[in-house]
Engineer: 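Sharing a structure here in structure tokens format.
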Amino acid sequence: MTDFDLLITDWYRQNKRDLPWRNTNDPYKIWLSEIIMQQTRVEQGLSYYIKFINAYPSVFELANASEQDVLNHWQGLGYYSRARNLHFTAKTIATEKKGIFPKTYKELLELKGIGTYSAAAIASFSYKEPVAVVDGNVYRVLSRVFDLSIPIDSSQGKKYFFELAQNLITLKEPDVFNQAIMEFGALQCTPTNPNCNSCPLSINCLSLAEGTIKLRPVKSKKTKVTDRYFHFMVFNSNGNTYLEKRLQKDIWLNLYQFPLVESNDNAEISNWEKYTLSKPIKVSSEIKHILSHQRIHAKFYHFSEEPLTVDSNWKKIKLSEIQDYPLPRLIDRYLENE
DNA sequence: AATCCGGGGTG
DNA sequence: CACCCAGGATT
């Protein structure tokens, strides 16, 4: 197809949403929006973007914040390594680079938390470098238009789609092309029930002609989910409780939770070993919390006495100040419903 | 190359 | 329940 770029950019000019990070060339704002939006729908990430811009108007405010403050603002969005890397890179930019972002795809790639997609997005949106973005939308659009069955989660597939997109991108307005193909995937060429009836590419869409729309894109792997059983100790005496900071290489790194004992099944814990000898005054029913690779079965056990011993990563806090700490959604939701 | 890392929405 | 979302780091 010779005029893919024209068709897609024309569609974009008529159908694009008005999003705050589209009205700027500021690499800080572009970068922040791209990190927040990774694996996240615009409707979910938008309020976080606004919150971050208000709290940290420039890379210097972000660099000078504590990691806990950054994680607090990130709370509930998930994939918390994004927030930790965001903060790490802000400090790199503020100190080593005096607040000036790198201006090329190649240099941007060297920053922590910035991969091929984000580097291409920042380089094209801020500096009009003609390097193609390849995100979930782009995989879907291209695999359908060209009816490609090569798996998008293979190394070969990733390389193939990047080169294809790179061959299609316009040199005049690479930023518009990149925005256009992603917006087209998000609004028109959607995962289920794409709007092929009113699609400017339907005449050229090989997958539509072959009847393979529902099969595209192809993924070869399926994620396997493991079950975990969490038992949280909710201490409450005189309005105080204990939180523990998660320091292991595991989910929710550097977030806080009620002190946890993990077991192999959902049987109620009766022996809390060194932590307490008393019986809980209340035990919640099992709460299921779904992550991409884990199914967590959680129970909350309430104790009205102080623990017998306190681990080094525990912190005694006022229950009324618990929201000063970044909490996994599981904990936050339990507090909401309690 | 394979696996891990959240949370929410959809059919 | 399975799949997807403005992906990246680690092993």
Side-chain angles (χ1 to χ4, degrees), chain A residues 12 16-17 19-22 29-49 71 74-86 88-89 108-122 124-125 132-141 151-159 161-162 165 175 178-187 189-194 214-226 228 246 248-255 288-296 326-333:
Chain A
Y12 177 66
K16 66 174 176 177
R17 292 168 289 184
L19 301 173
W21 50 88
R22 283 186 177 154
K29 292 181 178 173
I30 306 285
W31 167 61
L32 178 62
S33 74
E34 295 306 335
I35 303 303
I36 287 176
M37 294 306 154
Q38 286 169 11
Q39 296 294 285
T40 304
R41 292 167 201 280
V42 166
E43 309 87 73
Q44 188 188 1
L46 183 55
S47 67
Y48 283 85
Y49 173 80
L71 285 173
W74 200 272
Q75 178 176 312
L77 194 54
Y79 283 164
Y80 296 93
S81 67
R82 292 184 292 168
R84 297 190 299 269
N85 289 335
L86 184 80
F88 180 92
T89 290
L108 287 161
L109 262 184
E110 294 171 9
L111 297 170
K112 190 160 283 188
I114 297 185
T116 53
Y117 164 77
S118 298
I122 300 167
S124 64
F125 300 156
V133 295
V134 182
D135 71 337
N137 293 304
V138 176
Y139 282 124
R140 188 169 55 256
V141 171
I152 63 172
D153 54 355
S154 66
S155 300
Q156 297 176 15
K158 287 171 186 166
K159 186 179 176 191
F161 278 91
F162 176 71
D175 51 338
N178 277 342
Q179 295 276 14
I181 190 168
M182 288 194 289
E183 190 79 333
F184 184 80
L187 300 182
C189 193
T190 49
T192 54
N193 302 121
K214 287 185 184 305
L215 303 178
R216 304 285 178 261
V218 171
K219 272 193 179 177
S220 56
K221 311 175 183 73
K222 39 196 158 197
T223 64
K224 76 172 173 190
V225 179
T226 58
R228 295 177 75 176
R246 295 183 61 89
Q248 322 87 319
K249 198 175 68 181
D250 194 359
I251 58 172
W252 303 328
L253 178 63
N254 291 358
L255 273 66
K288 234 185 260 181
H289 187 76
I290 309 296
L291 306 181
S292 50
H293 285 70
Q294 300 183 20
R295 201 165 29 236
I296 294 169
L327 309 171
R329 186 70 181 109
L330 168 62
I331 305 292
D332 192 35
R333 178 179 285 132

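Per chain, numbering begins at 1; letters A, B, ... match sequence-line order. As the structure is a prediction and not an experimental result, all values here were calculated from the model.
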Engineer: Rounded to whole angstrom units, what separation is found between the CD atom of Gln44(A) and the P atom of dA6(C)?
Structural biologist: 10 Å
Engineer: Using the side-chain heavy atoms of Ser118(A), tell me which of these nucleotides is nearest: dG8(C), dG6(B), dG8(B).
Structural biologist: dG8(C)
Engineer: Do you know the tightest heavy-atom contact between Tyr49(A) and Ile36(A)?
Structural biologist: CA-CD1, 3.7 Å
Engineer: Could you tell me how far apart Arg333(A) (CZ) and dG6(B) (C1') are, to the nearest whole angstrom?
Structural biologist: 11 Å
Engineer: Measure NZ/Lys224(A) against P/dA2(C) and give the value in whole Å, please.
Structural biologist: 15 Å
Engineer: Provide the closest heavy-atom pair for Gln44(A) versus Gly76(A) in the form atom of the first, atom of the second, distance.
Structural biologist: NE2-O, 4.2 Å
Engineer: Can you check the Tyr49(A) OH to dA6(C) C1' distance for me, whole Å?
Structural biologist: 13 Å
Engineer: Considering every strand and a 4.0 Å limit on heavy-atom distances, what is the contact class for Trp21(A): base, sugar-phosphate, or nothing?
Structural biologist: base
Engineer: If you check every side-chain atom of Arg82(A), which of dG6(B), dG7(B), dG7(C) has the closest atom?
Structural biologist: dG6(B)
Engineer: Does a donor on one side chain sit under 3.5 Å from an acceptor on the other, for Arg82(A) and Gln38(A)?
Structural biologist: no
Engineer: What nucleotide, of dC4(B), dG7(C), dG7(B), holds the atom closest to the side chain of His289(A)?
Structural biologist: dG7(B)
Engineer: If every non-hydrogen atom of Leu109(A) is compared with every non-hydrogen atom of Thr116(A), which pair is closest and at what distance?
Structural biologist: CD2-N, 3.6 Å
Engineer: Write down the distance separating the P atoms in dG6(B) and dT11(C), rounded off to the nearest Å.
Structural biologist: 15 Å
Engineer: Are OP1 or OP2 of dC5(C) and a side-chain N or O of Gln38(A) less than 4.0 angstrom apart?
Structural biologist: no
Engineer: Taking the side chain of Pro191(A) as its heavy atoms from C-beta onward, which of dC4(C), dA6(C), dG8(B) lies nearest to it?
Structural biologist: dC4(C)
Engineer: Stepwise, does the side-chain contact (heavy atoms from CB on, under 4.5 Å) test hold for Asp250(A) with Arg228(A)?
Structural biologist: CA-CA 12 Å; Asp250(A) 194 359; Arg228(A) 295 177 75 176; 2.9 Å; yes
Engineer: If you look at every heavy atom in Glu43(A) and Arg17(A), which pair is closest and at what distance?
Structural biologist: OE2-NH1, 4.0 Å
Engineer: Please work out if Lys222(A) contacts a base, only the sugar-phosphate, or nothing of the nucleic acid, heavy-atom cut-off 4.0 Å.
Structural biologist: nothing
Engineer: Measure the distance from OH on Tyr79(A) to C1' on dA9(C) and round it to the nearest whole Å.
Structural biologist: 12 Å
Engineer: Tell me the interatomic distance from Trp31(A), atom CH2, to dG7(C), atom P, rounded to whole angstroms.
Structural biologist: 17 Å
Engineer: Taking all non-hydrogen atoms of both residues, which atom of Asn254(A) and which atom of Arg84(A) are closest, and how far apart?
Structural biologist: ND2-CD, 3.8 Å
Engineer: For nucleotides 9-11 of chain B, give me every protein contact, N/O to N/O, under 3.5 Å, one pair per line with atom names.
Structural biologist:
none

Engineer: Work out how far the P atom of dA6(C) is from that of dC4(B), and round it to whole angstrom.
Structural biologist: 24 Å
Engineer: If you assign each of Ile114(A) and Arg22(A) to its closest nucleotide in DNA chain C, which residue comes earlier from the 5' end?
Structural biologist: Arg22(A)
Engineer: Base, sugar-phosphate alone, or nothing: which one does Asp153(A) contact when heavy atoms must sit under 4.0 Å apart?
Structural biologist: nothing
Engineer: NA contact type, Ser81(A), heavy-atom cut-off 4.0 Å: base, sugar-phosphate, or nothing?
Structural biologist: nothing
Engineer: OP1, OP2 of dC4(B) versus side-chain N and O of Trp252(A): anything below 4.0 Å?
Structural biologist: no
Engineer: Using a cut-off of 4.0 Å on non-hydrogen atoms, how would the nucleic acid contact of Gly185(A) be classed: base, sugar-phosphate, or nothing?
Structural biologist: nothing
Engineer: By nearest heavy atom, map Tyr80(A) and Gln156(A) onto DNA chain B; which one lands nearer the 5' end?
Structural biologist: Gln156(A)
Engineer: Starting at the 5' end of DNA chain B and moving along, which residue's nearest nucleotide shows up first, Lys158(A) or Ile251(A)?
Structural biologist: Lys158(A)
Engineer: Measure across Tyr139(A) and Ile152(A) and return the closest heavy-atom pair with its distance rounded to 0.1 Å.
Structural biologist: CD2-CG2, 3.5 Å
Engineer: Test Trp31(A) against Leu111(A) for side-chain contact (heavy atoms from CB on, under 4.5 Å), laying out the working first.
Structural biologist: CA-CA 11 Å; Trp31(A) 167 61; Leu111(A) 297 170; 6.0 Å; no
Engineer: Which residue, Lys249(A) or Glu34(A), contacts DNA chain C at a nucleotide closer to its 5' end, judged by nearest heavy atom?
Structural biologist: Glu34(A)
Engineer: Just N and O in the side chain of Gln39(A): are any of them under 4.0 Å from OP1 or OP2 of dG7(C)?
Structural biologist: yes
Engineer: Nearest to the side chain of Thr116(A) - dC5(C), dC5(B), dG8(C)?
Structural biologist: dG8(C)
Engineer: Starting from P on dC4(B), measure out to CG on Asp250(A) and report it in whole angstrom.
Structural biologist: 11 Å
Engineer: In whole angstroms, how far is the P atom of dC5(B) from the CG atom of Leu253(A)?
Structural biologist: 10 Å
